[in-house]
A.B. asks: 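Quick one: structure below, then a few questions.
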Amino acid sequence: PVRGLSGAWEVVQMALAETYRAGGKYDDALRTLDQLEKAENPAFSTEALAYTRALCLEEKGRYQDALNLLQSTRTRIEEKKRSNQQYYTPYENAITQQIESLRTRVQKGTPVS
């Protein structure tokens, strides 16, 4: 990324990852998310990246991997909240809901619509 434009570069990369995901190009989306996770001063929270990654994994049929990722992310959120009472992430509810959906998929072994 160009110095001073890293935030803008990251926004473009996230849009690209979402475009790949929407087009079913999950491996490309995951590689793009890998690049975003390595950013020095990230424009996106770890929760945002984990949630997007989990969506890719789920849509790729890797339900258990998506579930494991979201469960570890939720654990980190809870740890952050314990150490900082004012910590808030808009992804907390979405992650919790997605975990429940994925648990059902993993237990049944079939897709849930």
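We use all heavy atoms of the structure for the numbers below, so side chains are in, but hydrogens, waters and symmetry mates are not. It should be emphasised that the depicted structure is a prediction, and the values quoted were computed from it without experimental measurement.
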A.B. asks: Please report the interatomic distance CD(Gln13) to CD(Gln35), rounded to the nearest 0.5 Å.
C.D. replies: 5.5 Å
A.B. asks: Minimum heavy-atom separation for Ala54 to Ala66, with atom names?
C.D. replies: O-CB, 3.5 Å
A.B. asks: State yes or no: do Val106 and Tyr51 share one hydrophobic cluster built from I, L, V, M, F, W and Y residues joined by side-chain heavy-atom distances below 4.5 Å, directly or via other members?
C.D. replies: yes
A.B. asks: Show the nearest heavy-atom pair for residues Tyr26 and Cys56, with the distance to one decimal.
C.D. replies: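 Nearest heavy atoms, Tyr26 then Cys56: CD2-O, 3.9 Å.
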A.B. asks: Apply side chain to side chain donor-acceptor pair (under 3.5 Å) to residues Gln64 and Asn68 and explain how you reach the verdict.
C.D. replies: CA-CA 6 Å; Gln64 187 65 56; Asn68 293 344; 2.9 Å; yes
A.B. asks: Under a 4.0 Å threshold between the charged nitrogen and the carboxylate oxygen, would Glu47 count as salt-bridged to Arg76?
C.D. replies: no
A.B. asks: Quick one: are Leu16 and Tyr20 in side-chain contact, heavy atoms under 4.5 Å?
C.D. replies: yes
A.B. asks: Measuring from atom CZ of Phe44 to atom CE of Met14, what distance do you get when rounded to the nearest 0.5 angstrom?
C.D. replies: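 It comes to 4.5 Å.
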A.B. asks: Closer than 4.0 angstrom, basic N to acidic O: yes or no for Glu100 and Arg103?
C.D. replies: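 Here Glu100 pairs with Arg103 in a salt bridge, since their nearest N and O are under 4.0 Å apart.
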A.B. asks: I'd like to check Thr89 versus Ile95 (side-chain heavy atoms, cut-off strictly below 4.5 Å). Are they in contact?
C.D. replies: no
A.B. asks: Counting distance only, does the side-chain N/O of Thr52 pair as donor-acceptor with the main-chain N or O of Leu49 below 3.5 Å?
C.D. replies: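 A pair under 3.5 Å: no.
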A.B. asks: Please round to the nearest 0.5 Å and tell me the distance separating atom OH of Tyr87 and atom NZ of Lys80.
C.D. replies: 3.5 Å
A.B. asks: In Å, rounded to the nearest 0.5 Å, how long is the span from CZ of Arg74 to CG of Leu70?
C.D. replies: 9.0 Å
A.B. asks: Do you know which of Asp65, Asp27, Asp28 makes salt bridge (charged side-chain N to carboxylate O under 4.0 Å, His left out) with Lys60?
C.D. replies: Asp27
A.B. asks: Less than 4.0 Å between a side-chain N and a carboxylate O, is that true for Arg31 and Asp34?
C.D. replies: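 Between Arg31 and Asp34 there is no salt bridge, as every charged N stays at least 4.0 Å from the carboxylate O atoms.
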A.B. asks: Report the distance from atom CD of Glu58 to atom CG of Leu69, rounding to the nearest 0.5 Å.
C.D. replies: 11.5 Å
A.B. asks: Taking C-beta and beyond as the side chain, do Glu92 and Lys81 meet within less than 4.5 Å on heavy atoms?
C.D. replies: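 Side-chain contact under 4.5 Å: yes.
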A.B. asks: Say you draw a straight line from CD of Glu18 to CG of Leu33; how long is it, rounded to the nearest 0.5 Å?
C.D. replies: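 Rounded to the nearest 0.5 Å, the CD-CG separation comes to 8.0 Å.
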